[in-house]
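Below is one structure, written out as structure tokens, with a few remarks after it.
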Amino acid sequence: MLSLQFIRKNQDMVLDALKSKKVILNLETILEIDTERRDLIRNVDDLKAKRNKVSQLISIKKKNNENSDEEIKNMRSVSENIKRLDDKLKKKLKKLNSLLLYIPNIFHNSVPSGLSEENNILVREWGKKPDQNKDYKDHVHLCDKLNLTDFSRASKMSGSAFPLYTNLGAKLERSLINFMLDYHIKQHGYSELMPPFLTNREATTTTGQLPKLEDDMYYIESDDLFCIPTAEVPVTNMYANEILRQDDLPLKHVAYSACFRREAGSYGKDTRGLLRVHQFNKVEMVNFVVPSQSYEFLEKLTKDAEDILQELNLHYRVISLCKGDISFAAAKCYDIEVWSPGEQKYLEVSSCSNFESFQARRGNIKYRCNKDQKVHFVHTLNGSGLATPRLMVALLETYQNDDGSISIPKVLQPYMGIDVIKK
RNA sequence: GGAGAGUUGGCAGAGCGGUAAUGCAGCGGAUUGCUAAUCCGUAGUCGGCGAUAGUCGGCUCCCGAGUUCAAAUCUCGGACUCUCCGCCA
């Protein structure tokens with residue numbers, strides 16, 4: 001959410017964000033309602049000031065046993081007017097707020113222009129593509145041969161695109177999660193959380209999934225709760241409606257969660273195996289920081305995610321998303337894509353974003369500044385570190401051997417207890 | 001699912017129809033000056049005027065509705081926390 005004051009003063013930036021993020025919304029309407037709002041506030045505040053003054057007077061007269069019938073009579077009509085205007089104001093505010101929730105975040109000035117994927121900028125690459133002459137089997141083939149997943153049986157209980165990991169596949173999944181958690185905690189100083197996987201409407205609005213993306217969420221109607229699409233939702237809301245101490249910042253949390261996405265509208269795209277699934281596991285990093293430092297932390301957070309791929313020795317690249325590719329709530333975003341030898345393409349395994357004060361404003365997350373003792377919104381950031389399905393794809397494919405077995409990377413061996421998966 | 005208790009400014013805690021005591025902490029200032037004491041100021045938010053400093057006003061005692069000239073205080077509805085009972089992993 002942006003402040004009305006900001007919108008009033010920076011209409012061009014807001015229009016750019018609306019256009020780039022493909023949000024259809026009439027800014028004029030919002031500004032008109034805002035003007036009406038301010039007029040109403042002025043009127044009703046004047047009346048209330050009058051009421052307060054006269055009430056004071058009545059109180060004094062009563063104490064002195066003086067008659068105040070005249071004042072009381074006058075105040076009756078004043079109060080009626082106040083009520084009328086307050087109702088009107090409340091309706092305006094409600095309408096205004098519902099519109100404001102649809103305004104996307106504005107861009108940081110380093111975000112590349114352009115509306116499509118091709119305009120994303122390659123920031124860096126790490127490692128090398130594995131030997132291009134080798135005959136790489138894809139992960140579906142490998143999982144099948146080594147009994148690591150069982151999609152056809154999963155469909156019996158949940159339908160398509162819900163993974164069922166089996167045997168060493170399940171253990172590998174668990175190992176990846178534990179390795180990543182342990183690594184971020186030990187090497188990067190994160191504190192661990194295990195959050196609820198269902199969140200209410202309010203919390204889901206804070207992070208920006210609602211109201212715009214409700215169709216992409218799994219929803220439990222009887223309790224008005226949403227299955228989280230990422231641990232970002234519960235973790236970011238941890239400090240909702242709180243004023244944090246500046247000395248407590250930065251707060252860096254890492255959390256494992258299952259993630260649920262309906263992927264409405266993306267049927268037929270990347271449907272094979274683990275490439276796009278409705279439920280997956282992810283280790284998520286969330287930062288709460290002082291505004292002046294948030295872009296430093298975005299770089300750091302992205303490196304934290306990259307470290308996992310480096311430890312696993314997997315080839316990847318980092319790209320800076322252009323205006324048209326950045327999500328609704330983000331001001332700037334890096335995607336990390338790992339190389340899949342089986343697919344012969346890069347797969348997104350992490351998205352690291354700075355939301356600046358966008359989520360903080362929606363969730364009312366503030367801190368008290370040491371210097372001036374005033375209260376300001378924090379900046380929130382988050383990034384996957386990492387999501388497992390595509391990581392597993394790249395891992396299995398990259399580490400496959402000619403005899404059909406799969407070597408286990410060194411860092412995972414303590415978790416797996418073996419160094420190779422074979423038939 | 002049933003019963004009870006509670007929710008007040010960063011924290012603690014009074015007030016129970018006349019417009020938020022007090023204590024502590026933090027921050028700012030004053031004063032005295034021997035590792036401290038004392039005193040003063042200091043919540044958030046929205047709006048008006050003002051270039052800024054500032055200043056004036058509104059709102060805010062968990063949320064919402066109601067009664068009243070006036071609600072932290074009374075009535076109704078709801079959320080959350082704690083305790084007990086029931087059921088269940």
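Just so you know, these numbers come straight off a predicted model, no measurement behind them. Just so we're on the same page: letters track the sequence lines, and every chain starts at 1.
Across every strand in view, B:G9 sits unpaired, with no contact that passes the Watson-Crick or G-U test at under 3.5 angstrom. Across all strands shown, B:C69 forms a Watson-Crick or G-U wobble pair, both distances under 3.5 Å, with B:G18. The partner of B:C61 is absent, by the rule that a Watson-Crick or G-U pair needs both atom distances under 3.5 Å. Pairing of B:A53, defined by two Watson-Crick or G-U wobble distances under 3.5 Å, is not identified with any nucleotide. Figure legend. B:C39 is base-paired to B:G29; pairs are counted as Watson-Crick or G-U wobble with both atom distances under 3.5 Å. Pairing of B:C82, defined by two Watson-Crick or G-U wobble distances under 3.5 Å, is identified with B:G4.
Proximity of A:Asn382 to A:Phe355: side-chain heavy atoms (C-beta onward) are separated by under 4.5 Å at one or more points. A 4.5 Å side-chain heavy-atom check between A:Tyr415 and A:Arg174 finds every atom pair outside the cut-off. Between A:Thr230 and A:Arg261, the closest side-chain pair of non-hydrogen atoms falls below 4.5 Å.
Here the P atom of nucleotide B:G18 and the CD atom of A:Glu71 are 19 Å apart, to the nearest Å. If you take CG of A:Asn200 and P of B:C63, they are 17 Å apart, rounded to a whole angstrom. Taking atom CG of residue A:Asp248 and atom P of nucleotide B:A25, one finds them 19 Å apart after rounding to whole Å. Spacing between atom NZ of A:Lys63 and atom P of B:A70 amounts to 18 Å, rounded to whole angstrom units.
Note on A:Asp86 versus A:Lys83: no salt bridge recorded, every NZ/NE/NH1/NH2 to OD/OE distance being 4.0 Å or above. Using a 4.0 Å cut-off between charged side-chain N and carboxylate O, A:Arg201 and A:Glu214 make a salt bridge. A salt bridge does not link A:Arg42 with A:Asp45: every distance from a Lys NZ or Arg NE/NH1/NH2 to an Asp or Glu carboxylate oxygen is 4.0 Å or more.
Taking atom P on both nucleotides, B:G6 is separated from B:C88 by 32 Å, rounded to a whole Å. Between the C1' atoms of B:A79 and B:G29, the separation comes to 43 Å (whole Å). Between the P atoms of B:G23 and B:U42, the separation comes to 14 Å (whole Å). Rounded to whole Å, the separation between the P atoms of B:G18 and B:G66 comes to 22 Å. B:U8 and B:A43 have their C1' atoms separated by 13 Å, given to the nearest Å. B:A72 and B:C56 have their P atoms separated by 23 Å, given to the nearest Å. When the P atom is compared between B:A12 and B:U55, the two are found 32 Å apart, to the nearest whole Å.
Nearest-nucleotide mapping onto RNA chain B: of A:Leu4 and A:Asp87, the residue sitting toward the 5' end is A:Leu4.
Listed pair A:Lys62 / B:U19 fails the phosphate criterion, with no side-chain N or O lying under 4.0 Å from OP1 or OP2. For A:Arg38 and B:G48, the shortest distance from a side-chain N or O to OP1 or OP2 is below 4.0 Å. In this structure, A:Arg76 reaches the B:C69 phosphate: one of its side-chain N or O atoms is under 4.0 Å from OP1 or OP2. Between A:Arg368 and B:C11, a side-chain N or O to OP1/OP2 separation shorter than 4.0 Å is absent. For the OP1/OP2 pair of B:A65 and a distance below 4.0 Å, the side-chain nitrogens and oxygens of A:Lys90 include at least one atom meeting the criterion. Distances shorter than 4.0 Å separate some side-chain N or O of A:Ser79 from OP1 or OP2 on B:A70.
Here A:Arg37 lies in heavy-atom contact (under 4.0 Å) with sugar-phosphate atoms only. Among the protein residues, A:Lys366 comes within range of the sugar-phosphate backbone only, with heavy atoms under 4.0 Å from sugar or phosphate atoms but none that close to a base. As judged by a 4.0 angstrom heavy-atom cut-off over every strand, A:Arg201 is placed among residues making no nucleic acid contact.
Summarising the geometry of A:Asp34 relative to A:Arg8, their closest heavy-atom pair is OD2-NE, 2.6 Å, with the distance given to 0.1 Å.
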Query raised in the report: What do the steps show when you test A:Glu192 against A:Tyr256 for side chain to side chain donor-acceptor pair (under 3.5 Å), and what is the final call?
Result: CA-CA 8 Å; A:Glu192 184 175 4; A:Tyr256 156 77; over 6 Å; no
Pick out the pairs of N or O atoms, protein on one side and nucleotides 80-82 of chain B on the other, that lie under 3.5 Å.
none

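Listed by first and then second residue, the salt bridge (Lys or Arg N to Asp or Glu O under 4.0 Å) pairs that reach into residues 414-423 of chain A come to none, sequence neighbours excluded.
The aromatic rings of A:His278 and A:Phe162 sit tilted, their planes meeting at an angle between 30° and 60°.
Other residues, nucleotides and ligands contribute more than 12 heavy atoms inside 6.0 Å of the NZ atom of A:Lys22.
A glycosidic torsion no more than 90° from 0 defines the syn conformation; B:U32 lies beyond that range and is anti.
Taking a 4.0 Å limit (strictly below) on heavy-atom distances, residues 43-60 of chain A reaches RNA chain B at A:Asp45, A:Lys48, A:Ala49, A:Arg51, A:Asn52, A:Ser55, A:Gln56, A:Ile58, A:Ser59.
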